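So the structure is just underneath, and the comments pick up after that.
Bear in mind that the values here come from a model prediction, so they are computed numbers and not experimental data. Computed over heavy atoms, backbone and side chain alike; hydrogens, waters and symmetry mates excluded.
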Amino acid sequence: MADRQVAQLGPGAACCGWNHCGRRLAAGAVDGSVSVYDSQPSPSSKWQAHEHAIVNVVWLPPDYGDAIACVCADGTLSLWEEVAEDDQLPTWRKCKVFEGGNSHILNVQFGLLLSSLKMVTAYSDGQVKVYELLDSLELDKWQLQAELQNITDPVSRNGKPACISASIAWSPRRGEGQQASFAVGFNSDSPYFNSCKIWEFEEAHQRWLPLIELGSTEDKGDRVHAVAWAPNIGRPYEIMAVATCKGIAVWHVGFNPASDGRLSTENVAVLPDHNGEVWQLEWDMGGMTLASTGGDGMVKLWQANLNGVWHGQAVLDCNGSHD
């Protein structure tokens, strides 16, 4: 099959993200502009979103139209939605700006549970905030639901960390009886904040609780560079990937808690890193193939065989050649 160029990103591109159906690409640039590509080399839209560099762009779930969140290097977060009036070309309208205050917003991710849209933001002081959209038709109406610290010990003992980056992954499971849950890990100077923890919303008391911590005793303080939660199609357990300086750990997390109330976890594989920091992890729609990219400029695909042994499936270099 012949290769086809779907976008031509300029030299100032700093980050990018596909929408949920993989047909549209949003790219943020160091000059604060955002471009949207519709399967064509040239952008269909481009606008100035911030005065400083865009460090992350995230699409909202398609249930809420074509909308994206932009995380800026100045620590702010903006929400934009595409609007079309009469016969005019679509434009992007700013809906909301979230200020970081005394700390910077590092990352954002959205989770959809039944009819409720939730947003998790992670901050440079190790704080995590959960927001809920009050009106599905108004992307500027958000309510703060919870403020968390990604720790298991009191913050007074550990102090406040200096966080470089944060990784967030919502559980892709939906449906009746499914509790909202997400995983978050930090790259910081404090081992207490770093480890990837799964948080779940407890309906009975309307609060978020830490469910499980992913990491062995000697690895729990490792800086987390990326987290990805695999879609689940019929498995009796969840699969999660967590990238640290020691490689990419693949975890199985059980559904049913043990007698002490904790979920079972098993580290089934530790995959080689990219000769340096892992930048991003993504699962395919079936939760069978894991893609990773990092400082070596490579994209690696990983799969487990029928015996559950994980191995490299393919390697793509930055020039597009295949191994």
Side-chain angles (χ1 to χ4, degrees), residues 15 17-18 55-59 69 71 105-112 118-124 126-130 148-152 161 163-173 180-188 190-200 208 210-216 219-232 237-253 263 265-274 276-285 287 289-295 299-302 310:
C15 57
W18 292 97
V55 296
N56 196 14
V57 288
V58 179
W59 291 82
V71 180
I105 298 175
L106 300 176
N107 202 354
V108 60
Q109 290 294 335
F110 298 90
L112 186 60
K118 299 185 187 302
M119 177 178 71
V120 172
T121 54
Y123 293 75
S124 58
Q127 188 172 214
V128 178
K129 293 184 180 181
V130 184
L148 318 166
Q149 294 281 356
N150 196 44
I151 55 172
T152 54
C163 303
I164 300 173
S165 62
S167 302
I168 308 167
W170 276 92
S171 168
R173 300 184 73 202
S181 54
F182 64 89
V184 61
F186 281 89
N187 175 5
S188 80
S190 171
Y192 301 99
F193 286 80
N194 288 339
S195 61
C196 180
K197 302 173 185 70
I198 298 177
W199 294 79
E200 184 176 82
W208 289 89
L211 199 61
I212 199 72
E213 186 174 9
L214 298 179
S216 60
D219 296 335
K220 284 186 176 179
D222 291 344
R223 295 170 181 255
V224 172
H225 300 300
V227 176
W229 196 318
N232 192 335
Y237 53 86
E238 301 285 359
I239 300 181
M240 298 195 63
V242 181
T244 69
C245 58
K246 297 177 180 176
I248 303 168
V250 180
W251 291 86
H252 286 183
V253 181
L263 297 179
T265 61
E266 181 184 5
N267 183 198
V268 297
V270 178
L271 310 175
D273 59 19
H274 286 255
E277 183 177 330
V278 175
W279 293 344
Q280 191 172 359
L281 298 171
E282 292 287 348
W283 291 94
D284 69 341
M285 294 180 64
T289 303
L290 175 68
S292 64
T293 185
V299 175
K300 299 181 180 181
L301 304 181
W302 311 89
W310 285 83

Practice task
Any chance you could measure Ser167, atom OG, to Arg223, atom CZ, to the nearest 0.5 Å?
Solution key: 13.0 Å
Handout entry: Contact check, side chains of Lys197 and Leu214, non-hydrogen atoms, under 4.5 Å
Key = no
Practice task
Quick one: pull up CD1 in Ile151 and CZ in Phe193 and give me the separation to the nearest 0.5 Å.
Solution key: 4.5 Å
Practice task
Work out which heavy atom in Val270 is nearest to a heavy atom in Gly247; give both atom names and the distance.
Solution key: CG1-CA, 4.5 Å
Practice task
For residues Val250 and Ile239, report the shortest heavy-atom separation together with the two atoms involved.
Solution key: CG1-CG2, 3.8 Å
Fill in the blank from the handout: Which of Leu148, Thr121, Val108, Val120 passes side-chain contact (heavy atoms from CB on, under 4.5 Å) with Lys129? Answer is Thr121
Exercise for the section: Search all heavy atoms of Ile248 against all heavy atoms of Pro272 and return the closest pair with its distance. Expected result: CD1-O, 4.1 Å
Handout entry: Short side-chain to backbone donor-acceptor contact, Asn56 and Asn107, under 3.5 Å
Key = no
Practice task
Start with the C-alpha distance between Ser292 and Leu271, add both sets of side-chain angles, then the distance that settles side-chain contact (heavy atoms from CB on, under 4.5 Å), and finish with yes or no.
Solution key: CA-CA 10 Å; Ser292 64; Leu271 310 175; over 6 Å; no
Handout entry: Side-chain heavy-atom pair Val227, Val184 within 4.5 angstrom cut-off
Key = no
Problem - Trp229, Phe110, Trp170 screened by ring pair (Phe, Tyr, Trp, His ring centres under 6.0 Å) with Phe182, the one that passes - result: Trp170
Practice task
Kindly indicate whether the side chain of Trp302, heavy atoms from C-beta on, has any atom under 4.5 Å from the side chain of Leu281.
Solution key: no
Handout entry: Euclidean distance, Ser124 OG relative to Leu106 CG, rounded to 0.5 Å
Key = 5.5 Å
Practice task
Start with the C-alpha gap between Glu238 and His252, add the side-chain angles, then the distance that decides, and say whether side-chain contact (heavy atoms from CB on, under 4.5 Å) holds.
Solution key: CA-CA 6 Å; Glu238 301 285 359; His252 286 183; over 6 Å; no
Problem - CA sep, side-chain torsions, deciding dist, call: Val128, Phe186, side-chain contact (heavy atoms from CB on, under 4.5 Å) - result: CA-CA 11 Å; Val128 178; Phe186 281 89; 4.0 Å; yes
Completion exercise
Between the SG atom in Cys196 and the CD atom in Glu213, the distance rounded to the nearest 0.5 Å is 9.0 Å
Practice task
Work out which heavy atom in Ile198 is nearest to a heavy atom in Ser181; give both atom names and the distance.
Solution key: CG2-CB, 4.5 Å
Problem - For the student: nearest non-hydrogen atoms of Asn187 and Asn194, plus distance - result: C-OD1, 3.8 Å
Handout entry: Donor-acceptor contact below 3.5 Å, side chain Trp283 vs main chain Ala228
Key = yes
Practice task
Answer yes or no: is there a side-chain heavy-atom contact under 4.5 Å between Gln109 and Met119?
Solution key: no
Practice task
Answer yes or no: is there a donor N or O on one side and an acceptor on the other, between the side chain of Trp59 and the main chain of Gly17, under 3.5 Å?
Solution key: yes
Handout entry: Gly295 versus Trp279, closest heavy-atom pair with distance
Key = CA-CZ2, 3.5 Å
